[in-house]
Amino acid sequence: MPEEGVTDRADAEQTSCAGAGMPLTARVLFAVVNAQGVLVRGLGAATANRLGTGMYQVVFDQDVTGASCVGTVGLAGSNGLAPAGQITVAGRTGIPNAIFVTTHDSAGVSADRPFHLAVHA
């Protein structure tokens, strides 16, 4: 049984966060990019390119500066397993509709890896 007042505080916090979260006009965008930086498929994704070893840029058809981004190393096709690796994602400085992606091998060294990117904008 919760302590007295805990439920009331939780209810108050839930209703006080009305401005947080995604707007009703939000879209879920995604991109599947191969290790060479080619956009294989996506929704709202305009282009992708490889900037250097393990460095990529994915451009979308709308501003993603306030978006939430999630990336995972994964094959661009449907057969086999992706090579082991790590991924980081961040907004692209100076380009409001782009995401910067870096990929690494399992030891943390920059390496080209195929990836899937989801953007909640």
Discussion item. My understanding is that only residues two or more places apart in sequence, or in another chain, count here; which of them pass salt bridge (Lys or Arg N to Asp or Glu O under 4.0 Å) with Asp61?
Written reply: Arg27

Practice prompt. For residues 81-92, pull every pair meeting side-chain hydrogen bond (donor to acceptor under 3.5 Å, both in side chains), keeping only residues two or more places apart or in separate chains.
Written response: Gln57-Arg92, Thr88-Thr102

Item to complete: Check whether Val89 and Val32 end up in the same hydrophobic cluster, where Ile, Leu, Val, Met, Phe, Trp and Tyr are linked by side-chain heavy atoms less than 4.5 Å apart.
Response: no

Worksheet item: Going by the ring pair (Phe, Tyr, Trp, His ring centres under 6.0 Å) test, which pairs reach into residues 72-98, not counting sequence neighbours?
Response: none

Fill in: Where Ala121 and Val64 come nearest, the two heavy atoms and their spacing
CB-CG1, 4.2 Å

Worksheet item: How far apart are the closest heavy atoms of Gly44 and Leu29, and which atoms are they?
Response: CA-CD2, 4.0 Å

Worksheet entry | Those residues that, when tested against Asn97, pass side chain to side chain contact (heavy atoms under 4.5 Å, CB included) (two or more places apart) | Val59, Ile95

Discussion item. Give me each pair satisfying salt bridge (charged side-chain N to carboxylate O under 4.0 Å, His left out) with a member in residues 30-49, each pair once, sequence neighbours excluded.
Written reply: none

Worksheet item: Got a sec, which hydrophobics cluster with Phe100, joining ILVMFWY side chains under 4.5 Å apart, including via others?
Response: Leu51, Met55

Worksheet item: Can any side-chain N or O of His116 pair as donor or acceptor with the backbone N or O of Ala76 at less than 3.5 Å?
Response: no

For residues 66-73, please give each side-chain donor-acceptor pair under 3.5 Å, one per line with the distance, not counting sequence neighbours.
none

Discussion item. To the closest 0.5 Å, what do you measure between NE2 (His104) and CD1 (Ile87)?
Written reply: 10.0 Å

Worksheet entry | Qualifying salt bridge (charged side-chain N to carboxylate O under 4.0 Å, His left out) pairs, either residue in residues 107-119, two or more places apart | Arg50-Asp112

Discussion item. Once ring pair (Phe, Tyr, Trp, His ring centres under 6.0 Å) is applied, what residue pairs with a partner in residues 55-90 remain, sequence neighbours excluded?
Written reply: Tyr56-Phe115

Discussion item. So, using side chain to side chain donor-acceptor pair (under 3.5 Å) as the criterion, who are the partners of Asp63 when residues are at least two apart?
Written reply: Thr65

